[in-house]
Amino acid sequence: MNNIKSYVENNRDRFLSELIDLLKIPSVSADSKHKPDMLKTAEAVKKNLLEAGCDSAEICETPGHPVVYGEKIIDKNLPTVLVYGHYDVQPPDPLDLWNSPPFDPVIKETEIHPEGAIFARGACDDKGQMYMHVKALEYMTKNDALPCNVKFMIEGEEEVGSEHLAWFIENNREKLQNDVILISDTGMIAKDTPSITTGLRGLSYMEVEVTGPNRDLHSGLYGGAVANPINVLSKMIASLQDEDNRITIPGFYDNVKEYSEAERAKMAEAPFDLEEYKKKLDIADVQGEKGYSTLERASIRPTLDVNGIWGGYIGEGAKTVLPSKAYAKISMRLVSDQDWENISELFTKHFESLAPKSVKVKVTTHHGGQAYVTPIDTLEYQAANDAYAEAFGKDPIPQHSGGSIPIVSLFEKELKSKTILMGFGFDTDAIHSPNEHFGIWNYLKGIETIPLFYKHFTKLKQAE
């Protein structure tokens, strides 16, 4: 492993060029018109895995978008690392807020990334971070430094809830057997403060539809006499949180884990500058559940947020219409030990109860997943800790993330193995937003660090 830094530096331009080619393909899983792009991306990932050193790679069909599977088995008696990533990306909308086209990657210097960052949809989430693992494998195979077996499972439906991943695992359980699952779809605190994500929030994603009259009405002739679904929906949503920003759904907090003062104090050791946080977001103040810090609100507390709301006339100019329907998409980030299906049922029951007789309500559950916590006293975590310590010169900080990767709990249930989350993005990388980007330093540092995990994990596993 001694020459990994020089190998990364010598191949820097090629590593960037290959990632840029991958980012040019608009693999938006939520939009059916991009199905050809999804297949094109899967083919590219398969080709990249083979070129990096996999003995075999294949595109595995599912009822939805395919999974790309690859493997390099050097000795069946050695440990096996299963790398998970996803090649699908979020829709790029709203396009007018991008400073450059989302699928025409550009490298620009920023205050946080003076060495440059790649701006494109999927740059950080997750093509850039997934591709770090491909290049890490390339280094290990070309330099005879792969100490164990490796398998890749790169899916195409993560951004739409991994709807068919459970089906794929059930039908390929033996093929996917492993000793640890390695994922880079999270972040780290800062260049000089490495961190390992040890907690993920769960998710329940809902859509609601409120219907009033059987057609759009003239707001002058009917306004004030017939319920306006947008007005009603707005009031219903507003009532879902109280003045302390606590969620009002009965039973919502029944299984929320309450951390001790000592545990909260440990979490607070992570460096955080509230004024800098507000400055980066261009906001005058933060908001959230009373009695908790900003970091706690964004990691160990559940949330309810409206992700989209629409209805009526939104075109140019004026149209005095009382709409027939109004809609909203609402997500709830959950913490252990909340069950996402139970929360979805509680939400549905409560939201339906809020509706006045003047409207009809339909609630749809789209997808969800459980929260996940990685213990820090395991061999797997120790291997990751040692890898970061070697690459960065200091131990990483264990950190709870506010994000959700629902399939992590699925992996533990179905494959009986622990997951290690080695993310290299920053919280300023604008994932899911216009102008998503991934620092060149972060990308290359990930390639440098990942092989060290293989080394330390194999050493510790063999010493058991």
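Just so we're clear, the structure is a prediction, and the values are computed from it rather than from any experiment.
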Salt-bridge criterion met for [X] and [Y] (N-O under 4.0 Å):
X: Glu18; Y: Lys47; result: no
X: Glu436; Y: Arg121; result: yes
X: Glu71; Y: Lys151; result: no
X: Glu58; Y: Lys46; result: no
X: Glu275; Y: Lys278; result: yes
X: Glu296; Y: Arg301; result: no
X: Lys329; Y: Glu207; result: yes

* Among Ser204, Ser404, Ser299, which residue meets the side chain to side chain donor-acceptor pair (under 3.5 Å) test with Arg333? ->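 It is Ser404; the other options fail the test.
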* To do: Please say which of His367, His164, His65 ends up in a side chain to side chain donor-acceptor pair (under 3.5 Å) with Glu157.
  =>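 Of all the options given, the one that passes is His164.
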Whether the [X] and [Y] side chains hold a donor-acceptor pair (N or O, under 3.5 Å, no angle test) is what I'd like checked.
X: Thr193; Y: Lys394; answer: no
X: Asn385; Y: His456; answer: no
X: Lys257; Y: Ser336; answer: no
X: Glu263; Y: Ser260; answer: yes
X: Asp37; Y: Ser27; answer: no
X: Asp386; Y: Gln382; answer: yes
X: Ser184; Y: His133; answer: yes
X: Glu155; Y: Ser162; answer: yes

* Start with the C-alpha distance between Glu390 and Lys455, add both sets of side-chain angles, then the distance that settles salt bridge (charged side-chain N to carboxylate O under 4.0 Å, His left out), and finish with yes or no. => CA-CA 11 Å; Glu390 185 172 343; Lys455 180 182 77 170; 3.0 Å; yes
Would you compute the distance between atom [atom1] of [X] and atom [atom2] of [Y] and round it to the nearest 0.5 angstrom?
X: Glu380; Y: Ile420; atom1: CD; atom2: CD1; result: 6.0 Å
X: Glu258; Y: Ile300; atom1: CD; atom2: CD1; result: 8.0 Å
X: Asp185; Y: Cys124; atom1: CG; atom2: SG; result: 8.0 Å

Mind telling me whether [Y] and [X] have parallel, tilted or perpendicular rings, with 30° and 60° as the class edges?
X: Phe119; Y: His437; result: parallel
X: Tyr84; Y: Phe411; result: perpendicular
X: Trp310; Y: Tyr327; result: parallel
X: His113; Y: Phe426; result: parallel

* Should Leu16 and Ile118 count as side-chain neighbours, where that means a heavy-atom distance under 4.5 Å? ->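 Leu16 vs Ile118: side chains touch.
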Can you confirm whether more than 12 heavy atoms, excluding those of [X], are under 6.0 Å from its [atom1] atom?
X: Gln287; atom1: CD; answer: no
X: Lys235; atom1: NZ; answer: no
X: Asp282; atom1: CG; answer: no

* Asked: Passes side chain to side chain contact (heavy atoms under 4.5 Å, CB included), Leu304 versus Ile249? Steps please.
  -> CA-CA 10 Å; Leu304 185 151; Ile249 299 171; 4.0 Å; yes
* Closest approach of Asn435 and Ser100, non-hydrogen atoms and distance? ->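 Scanning both residues, the minimum pair turns out to be OD1-N, 4.3 Å.
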